[in-house]
Amino acid sequence: QQPVQSPQAVILREGEDAVINCSSSKALYSVHWYRQKHGEAPVFLMILLKGGEQKGHDKISASFNEKKQQSSLYLTASQLSYSGTYFCGTETGTASKLTFGTGTRLQVTL
Amino acid sequence: KAGVTQTPRYLIKTRGQQVTLSCSPISGHRSVSWYQQTPGQGLQFLFEYFSETQRNKGNFPGRFSGRQFSNSRSEMNVSTLELGDSALYLCASSPGGREYTDTQYFGPGTRLTVL
């Protein structure tokens with residue numbers, strides 16, 4: 001079953017923060033985050049494994065709450081280059097298939 | 001290293017025909033996954049091949065099939081095309097062999113249009 005992402009779309013001004021949520025009805029083994037710009041292939045952002053860890057690089061970080069079967073992606077001080085569609089992918093077992101949410105469209109404006 | 005390549009990039013077919021798409025993974029990667037992307041459904045998993053064996057399969061009809069060769073190159077085939085098969089088909093490769101799905105490196109995709 002597809003994870004549910006929220007919000008579906010968000011518009012930010014440059015410098016503002018955003019949070020994208022990803023929820024699953026099943027217990028999660030891992031959560032993956034990808035960003036896809038228009039007309040391009042999805043690009044990997046990060047993987048979080050079960051254990052409730054938090055990861056981040058630069059101004060993009062993510063958390064994984066195993067008990068709530070949720071993950072959140074945090075974008076701070078957004079830049080124009082952050083615009084695109086963000087997908088979370090969830091895995092419910094070891095080396096099982098990756099199921100992606102329907103995406104969150106993020107637009108950063110001046 | 002060269003990235004994931006997919007051929008052809010664009011394809012136009014008519015209903016009832018069949019089509020074969022090709023994917024060459026990053027050198028050294030043993031896992032290849034295929035996804036269908038449409039505006040309404042997002043990224044939907046088709047199947048994954050690891051070391052020439054199908055390891056995972058999505059919820060697609062049997063018209064969708066794939067295979068992987070000994071050099072890790074993969075092909076997917078869609079028979080008896082339907083209008084609803086129009087989509088961007090993405091291939092992703094990863095090293096494989098871990099207990100969790102590894103980073104997926106996506107190719108540029110093949111845009112299939114069924115008329």
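Just so you know, these numbers use all the heavy atoms, side chains as well, and skip hydrogens, waters and symmetry mates. Just so we're on the same page: letters track the sequence lines, and every chain starts at 1.
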B/Arg63 CZ: over 12 foreign heavy atoms closer than 6.0 Å: yes

Within the 6.0 Å centroid threshold, strictly below: B/Phe106 and A/Phe44: no

Within 6.0 Å of CD in A/Gln8, more than 12 heavy atoms from elsewhere: no

Between B/Gln41 and A/Gln2, a side-chain donor and acceptor under 3.5 Å: no

Heavy-atom side-chain contact between A/Phe100 and B/Gln44 under 4.5 Å: no

A/Arg105 CZ: over 12 foreign heavy atoms closer than 6.0 Å: no

B/Asn59 CG: over 12 foreign heavy atoms closer than 6.0 Å: no

Same apolar cluster (I L V M F W Y, side chains within < 4.5 Å links), A/Tyr86/A/Leu12: yes

same_hphob_cluster(B/Leu21, B/Val78) at 4.5 Å side-chain heavy-atom cutoff: yes

Minimum heavy-atom distance between A/Ile47 and B/Asp102, given as atom pair plus value: CD1-C, 4.0 Å

B/Lys57 and A/Lys97, any side-chain heavy atoms less than 4.5 Å apart: no

Nearest non-hydrogen partners of B/Pro108 and A/Ala41, listed with the distance: CA-CB, 4.4 Å

Residue pair B/Phe45 / A/Thr99, side-chain heavy-atom distance below 4.5 Å: no

Contact class of B/Leu90 relative to chain A, heavy atoms under 4.5 angstrom: side chain

Residues, nucleotides or ligands: over 12 heavy atoms within 6.0 Å of A/Lys26 NZ: no

Any side-chain heavy-atom pair of B/Tyr35 and A/Leu98 under 4.5 Å: yes

